[in-house]
Asks: 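I'd like to ask you about the structure that follows.
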Amino acid sequence: MENMTYRLSDFEGPLDLLLALIEKNKLNILDIPIALICDQYLEFLENARAMDMDIATDFLNMASKLMVWKSEMLLPHEDEGAEKPPRFDLSDILIRHQHAKEVVPKLFPLYAYFGGRCVKDTDEISPDKTFVAEQKITDLLAAVRRVNSYRDTIENAKTAFVPMVSKPIVPVEGKIVSILETLHLFGTATLRDLLSNEPTLADLIASFMGVLELIKLRRILIEEGDENAENSVHGEGTCFFINPDAPAEDAEADATVLSKE
Amino acid sequence: METENTLQPIKDVESCIEAIVFAAGYPMPYQKLSEVIGVGVREIKKFCARIAKRYESDSTGLLFLQFPDSCQFCTKEQYGPYIREALNVRRGGNLSSASMEVLAVVAYNQPVTRAFIDAVRGVDSSYAVNSLIDKELIAATGRLDAPGRPLLYGTTEKFLRVFGLSTLDDLPKTETVLPPNTLTDQLAIEVDAKEAPQQEDAED
Amino acid sequence: METENTLQPIKDVESCIEAIVFAAGYPMPYQKLSEVIGVGVREIKKFCARIAKRYESDSTGLLFLQFPDSCQFCTKEQYGPYIREALNVRRGGNLSSASMEVLAVVAYNQPVTRAFIDAVRGVDSSYAVNSLIDKELIAATGRLDAPGRPLLYGTTEKFLRVFGLSTLDDLPKTETVLPPNTLTDQLAIEVDAKEAPQQEDAED
């Protein structure tokens, strides 16, 4: 194509691009010269690629199909009388595609008008309250999906609402202080000891980050396990103590502030 | 039936149909009404037509819809916003243009396989298809007798209701005339055969 | 509300009430109708009385019931046997989508409080919860050790039976299983503490 009159983003999918090419060449949709269309389609994609655009897989799939059809056409038919090999009827697909595109603008107003027609849920007027017919598990899964789809709207509403109530900020510094206090008091403490009394998830995370921070700063050390243990770290049972040769207390300033949720 | 109810007067049959269709909520097949009430399907349809007319002309908030094989009560469309607000229904009913396109492909070409939908749209449509199934606007209606036995999809009675149609013949006409659907079989064999086994299992 | 609907004529208010009450299925509080339609509770009750009269006298299979604080459509008693016969055979019948959603929340997150269910669904679920208790698909299994000591609900043996499961472990593990951690128990405690006392008394 000498001049790029179209851009890839103009097309929702490969079929729209094909229709545009057909229109541009003033071709009969019922009699498409595959070779010509295939070449122009590939050229278009090549140009798009040259312009450093991401080409969606749908467009590439169509390109490979077109090339297969084109090569089928170019292969000499051994016996002329034989039927053509079965292949996608591109005309048929394009007509149906065009038809769907035409119809969509007519369906939207219908739906906008009649979509308000509501029906009644089924179980409310059951003659026997305890009667339950057999149920399909797929219906339950559909319900799970529905509920999950509400989840986003609820979460959005919640986040929009949160700033209006006082948002508790859980500073990691505070946790670091209490971790050090605990260790000073008891000498050693396990991870469970340090984390078990946190009232909220945010507190829990802040404390855990505090522990990590203290390890990073080498203010606390992990106690060697007993000799039977395979590893020196034992999950919740990991035991910490204060590093007697701790480096100077300075780096705590950058301790992260963690907000709730 | 535990009691020896015999519905003689015509009015009674109509009321009985109303009561059953109301209690069901879902589209009630004429066949079922015929069996339960003991009146032929043809008669049942006539009674239903009278009921439908009564609710249409009456100043009531309800409508009695007649589909090709079933009937159902619903509310008149203009009260939809009030109902949504009273029942706290979210505006979940919105359809994206991708969904509407899939719906158009299914409605005018049904029954179709997923492969057919993908081919006619030229792009992968699985998200839109699943969302339409969840919204009960399309549903599996059977399986294609082809390798992989892929599911066939068609529109539902809910589709007819929320688009204000009595039958599929009422679908809007267009300039483009659709050829008869011969694609389905071909596509099913070529494309579905690869995908079908695991995909279809997951759906059953 | 998407359109500028204003219900001026009296007939329209009646139809709107009918539509809302029909779609709800459960007893609809006059208070709610009043809020949504924008007409005082006293007027709403008057409109309801007229609707009730119309359905009583008309030759229809439906009745409009008026309770002290709410109203509801139901079917006339004499058609009960027909309804039962028409509906009982339907596979998958008589669980509303709201009930199915509550059941999904309970099944995948049990034990849960009512407040948790409400929070996950984003709407008040008390009618569906009660209906599932009536149907013996969920039951109270204990109380949460939190202010108000709200009841905890779980699924029952009958739940397993009607869904054809042997144990809860047979529940399909989908990618979409509800993440229980985003709404913590804390939320349940906060909300329940306010509501629990009167609500729980009513149930015990």
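Lettering of chains follows the sequences in order, A, B, ..., and the numbering in each one begins at 1.
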Asks: Where is the tightest heavy-atom contact between C/T60 and B/R54, given as atom of each residue plus distance?
Replies: CB-NH1, 4.5 Å
Asks: Looking only at heavy atoms, what is the nearest atom pair of B/K32 and C/E85, with distance?
Replies: CE-O, 4.2 Å
Asks: Tell me, yes or no, whether the heavy-atom count around C/F67 atom CZ, taken from other residues, nucleotides or ligands under 6.0 Å, exceeds 12.
Replies: yes
Asks: Distance from C/D12 atom CG to B/Y79 atom OH, nearest 0.5 Å?
Replies: 4.0 Å
Asks: Go through the structure and list residues passing side chain to side chain contact (heavy atoms under 4.5 Å, CB included) with B/A139, not counting sequence neighbours.
Replies: B/T156
Asks: Please find the pair of heavy atoms, one from C/Y55 and one from B/L62, that lie closest to each other, and give the distance.
Replies: OH-CD1, 4.0 Å
Asks: What's the separation between atom NZ in B/K76 and atom CD in C/E18, rounded to the nearest 0.5 Å?
Replies: 8.0 Å
Asks: Test side chain to side chain contact (heavy atoms under 4.5 Å, CB included) on C/Y26 and B/L87; report intermediate values, then the result.
Replies: CA-CA 10 Å; C/Y26 54 82; B/L87 303 189; 3.5 Å; yes
Asks: With sequence neighbours excluded, tell me which residues meet ring-ring contact (aromatic ring centres under 6.0 Å, His included) with C/Y30.
Replies: none
Asks: Take atom CD in B/E136; do more than 12 heavy atoms of anything else shown fall under 6.0 Å from it?
Replies: no
Asks: Which atoms form the tightest heavy-atom contact between C/I83 and B/A19, and what is the distance?
Replies: CD1-O, 3.8 Å
Asks: Once you round to the nearest 0.5 Å, how far does OG1 of C/T75 lie from CZ of B/F22?
Replies: 7.0 Å
